[in-house]
**Q** 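Before I ask anything, here is the structure I am working with.
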Amino acid sequence: MEYWLEILPPIAQGFKTSLTVYLLTMALALPLGLVLGLLADMVKPARPIIGVFTWIIRGTPLLLQLYVTMYAIPLLIPMRMDRFFAGTVTFVINYAAYFAEIFRSGLAIIPLGQWQAGQVLGLKKREIIFNIILPQMFRNTLLPLINEAITLVKDTSLLAAIAIGEMLRNAKEIVGKDLRVDALVIAGIFYLLFSFMVVSVGKRLEKTYLKQM
Amino acid sequence: MEYWLEILPPIAQGFKTSLTVYLLTMALALPLGLVLGLLADMVKPARPIIGVFTWIIRGTPLLLQLYVTMYAIPLLIPMRMDRFFAGTVTFVINYAAYFAEIFRSGLAIIPLGQWQAGQVLGLKKREIIFNIILPQMFRNTLLPLINEAITLVKDTSLLAAIAIGEMLRNAKEIVGKDLRVDALVIAGIFYLLFSFMVVSVGKRLEKTYLKQM
Amino acid sequence: MLKLQNITYAYDQEPILKGIGFSVNEGEILGILGLSGSGKTTLLKIISGLLVPDEGEYLIENQPAFIKQKKSDKVASELGVVFQQFNLFPHLSVLDNLVMPLRLRTKKPKSECIATAVELLDVLGLKDQIAKFPYQCSGGQQQRIAIARALVLNPKILLIDEPTSSLDKENTKKVEELLKSLHGRGLTLIIITHDLPFAQAMCQRVIELSEGRVVFDGLAESYFNA
Amino acid sequence: MLKLQNITYAYDQEPILKGIGFSVNEGEILGILGLSGSGKTTLLKIISGLLVPDEGEYLIENQPAFIKQKKSDKVASELGVVFQQFNLFPHLSVLDNLVMPLRLRTKKPKSECIATAVELLDVLGLKDQIAKFPYQCSGGQQQRIAIARALVLNPKILLIDEPTSSLDKENTKKVEELLKSLHGRGLTLIIITHDLPFAQAMCQRVIELSEGRVVFDGLAESYFNA
Amino acid sequence: AANTTKDTSLSDLEKAGKLVVGYTEYPPMGFTEDGTVTGFDIEIAKEVAERLGVDVEFQIIDWDAKVLELNSGNIDVIWNGLTITEDRAKEILFSKPYFDNRIVILTLGSSTVDAISELGGLKVGVEIQSSGQAALEGNAVFSSLDEMVKYTTITEAILDLQAGGIDAIVADEIFARYAVSKNPEGYRVADEVFNSENYGIGFRLEDKALRDKVDEILDEMSEDGTGSAISVEWFGEDLLLR
Ligand SMILES: Nc1ncnc2c1ncn2[C@@H]1O[C@H](COP(=O)(O)OP(=O)(O)OP(=O)(O)O)[C@@H](O)[C@H]1O
Ligand SMILES: Nc1ncnc2c1ncn2[C@@H]1O[C@H](COP(=O)(O)OP(=O)(O)OP(=O)(O)O)[C@@H](O)[C@H]1O
Ligand SMILES: [Mg+2]
Ligand SMILES: [Mg+2]
């Protein structure tokens, strides 16, 4: 117990870092993915471009992408890359690609009649999207989005690859130093609590959106 | 070029391992996830149990789960765990949890009227599921499933954590030995081709399933 | 053949059916009339076993239709239903909307099922639509497909909700003739409709629902002459 | 007010409209009749700007309704449309199905919009349904909600596809009276229907479609007496 | 390229005013304890920076990305039990060896393995691409092993040793001694050792001036006794190599 209290601060510190990147990624990747998904659904010429983007981004490991942003770009454009900035930007772009495909799926299955009803009511495209299409799309995509949101919790551990002190790295450091797995157990509990929060938010949204209609 | 030919065999060997686990995981996790998703959608009392299962499995890192199967279970039940078996089982369970949630989502948005139409035609539950519900569910879930299928391509690299010689580990080993990144480039190409195949299969399915209806 | 006694049903505390009782005899054509919202469709869903009544008894060929809240196999095997919103299968072609259930129920070879389905669709003037998907069909075409899908299985009893709502005179006539000829071969019919001329032309007996109760139950003649 | 000339339209090579021409004058009530599958709904979608005709000219108040394949703003702002399948918004309550477009179009305060919507729903006998969601409403209720949603925006021209298909006599009367009173205040009406008594009661002029062409265009009187 | 452009590494460092040292968690060479970085390498590096007249900053890095970190300029030196090898010398400029590390066999306390030859027929774990792997592969016993199991990190090897997946680990002596010191009952180190290897400090290939200056300072520290004092503090004996 005493040992747990001793190793808690660095783990909690790492958790704070992971959480910050998590929240920034969600806050930025969701709208970016939404825009990409909408463009792919609605603007025919944009579709192949977005298709190639999502293929490349989803096709290469996030780890590799972190390396590219952190170590390759500064070789091309001489600059000191801020670790935190590089990590967050890479995460946002990566997750936006996954979100875009989910949103595209949720849009594709909305009946054409819903668009038409909005159009003949004289609503502007933007109004149709926000008031008719998006609410129905969120219903269609909620659970896959929660899946990604949970995956992101754990993907934050990849930040260690560009030497950001996120939670899992800090925990592994302690294991390496003390040769006791307690730190990994604590990190596991943190992850579980974090994902439980995500799942809970999901369940609440489910009640609002996933009801019969 | 000569160097590439020299390092190709171990990378190709690793690819074979990764591919085997990939195919086994898809072949087993999809039906398992489907059963869980259907149970959660249709059998009220099964819902909370499946809910806890998917939360715990999705809430903890796959890496940690690999550690548990490979290193913790043998401490409890004295046995020599086969690496390949442990890895595959863990992957199947992990992905089944994600698939289950996606399927549950795809089922929830099928109108009640479709079930009812099947029922009054005197079809058996199994017949309704296979002929009416599943085809419509696949349409609703295709793109999120492709997302997971692509993620799995890259997650196979986690097998290295239980000392399985998957592709990325073999490539990294060569990099560490020769201090040339060629091996990583080749592995990257393999991943990209692999994910491209997944995306292509997805696009073909999209044409069949995602059309307007 | 069917016997309902004191059936009640409520959607989330809102009582819709407040003690419905009537019976349907073999070979009869019964019309169910009533204002919009009077509970006709709800009643149809109970008769077809999709909703379990809160109270009351429902017998089908003298046996309980629900055993421990679950509908008996009889309900599905003897009844055919056409829904007010059709509920066609959107992922199947018009032809497959008929062939799929036909094959599963009869286990007959595919070619035979297709022949049966095409013949029936032809009678309803849908021959040109068989390769289309439901969303590509007009309102009246969809309605006829729904009727064909219920009839292709040769049910003993057909429950049909507003069968002519989207049909013009000519197609109404087609449906009328088809139903009458099937009735001649023993089909029992329960028709929900607000199309009074159609009801008058088709029905032998009529019941009228109002505010969740049966307010008329008698011969069609006496109903329409009142 | 509206003028269509030589309009053609085909779904994937299948020609549906083969040269349609007619005009609609301000304050008129025009009925569009025709067999199921004759292209009435397709024509409605062209008039309301949802489908772009393959050929032909369509003028609205003497201006082209389509400019470079895109419909002009006029189309949406002057026209109200009731679809054959209603296309209600499933995620919104009955009340919000009306209030949402009303607020966005008029920018009036919420309370005012609600009051307007409730009043209209009441006229159509839907007062008790305002808190429900569309899937909880009966077929006839859904149809009236769709009519209310189109009318709440006070369009100059109302296009309405089979407005009485799911309505009983009493509710048909309600709709008839409402439309007539709005017509008295200047509404132009285009009604697609197969309900001949309703058409006879409502329409001043009638056109009939058959196999993609206009086969009758004239006064309702002469149509129904022919 | 290093020959044609002028080597400004030393003056650049003085201008920047600080030396950025890249390290990983590798006790007891460098690691975090109670929130501060410490260890043998770390303490030596602090002294060297002081004598260079600059501040020192410790940047933790991912070991896989060490060369990338160095070349992208994020760190100035890799200083963390970095083994000198011919292959690495193509990418990294090494200081003179400063530490002698031997490769040993680590087993559970219950094991009786004492000689390299006794590894025959056993499952033996190594960290991938470590000196342990190289030593094992270079030894005659390699062909008689049941299996050599390669782990991405030494931690996983330890976990598998406990789980019974392997019978022994071949690893750096300092790591093995460290494991035993943490749990004297649980682990033991076999008597016979493999060959030894040397640690050096890694610089960018072009930073010759800086490398030479650091070597010079280390020589001084060795002569005036500061170096051995630090070594005694960490290992109980003077292991600083000059
Ligand atoms: N799922 C539901 N939840 C709540 N109320 C419902 C639901 N379904 C129907 N109702 C209500 O029950 C009443 C009867 O509905 P029902 O569909 O049986 O009417 P109906 O007689 O078929 O009317 P119509 O002729 O308009 O189709 C209506 O007031 C309707 O709003
Ligand atoms: N999306 C589509 N793709 C292909 N064919 C279509 C499509 N929509 C309609 N059609 C066909 O076009 C023809 C005209 O359809 P439309 O819906 O305009 O008929 P309608 O006159 O409104 O009939 P109803 O009275 O039955 O509603 C029909 O034969 C129909 O099958
Ligand atoms: Mg009804
Ligand atoms: Mg139509």
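No hydrogens, no waters, no symmetry mates; every other heavy atom, side chains included, goes into these values. Lettering follows sequence order; numbering is per chain, from 1.
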**Q** Look at B/G118, B/A117, B/P111 and state which one has the largest set of heavy-atom pairs under 4.5 Å with chain C.
**A**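 Option with the greatest count: B/A117.
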
**Q** Hey, does B/F130 have a side-chain heavy atom less than 4.5 Å from the side chain of C/L104?
**A**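 The answer is no; the side chains never approach within 4.5 Å.
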
**Q** For chain C against chain B, give me the donor-acceptor pairs closer than 3.5 Å, one per line with atom names and distance.
**A**
from	atom 1	to	atom 2	distance (Å)
B/G113	O	C/N87	ND2	3.4
B/Q114	NE2	C/L88	O	2.8
B/L121	O	C/R105	NH1	2.7
B/N131	O	C/H91	NE2	2.9
B/Q136	NE2	C/H91	ND1	3.4

**Q** Given a strict heavy-atom distance threshold of 4.5 Å, which part of C/L102 is in contact with chain B: side chain, backbone, both, or neither?
**A**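 Looking at C/L102, nothing touches chain B.
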
**Q** Just give me the residue among C/V152, C/V81, C/V82, C/L92 that pairs up with chain B most often, heavy atom to heavy atom, under 4.5 Å.
**A**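 Going by pairs under 4.5 Å, I would pick C/V81.
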
**Q** Enter the distance from B/L123:CG to C/M100:CE here, rounded to the nearest 0.5 Å.
**A**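 With rounding to 0.5 Å, CG (B/L123) is 6.0 Å from CE (C/M100).
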
**Q** Answer with side chain, backbone, both or neither: which region of C/F83 has an atom nearer than 4.5 Å to a non-hydrogen atom of chain B?
**A**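 Contact with chain B involves the side chain of C/F83 alone.
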
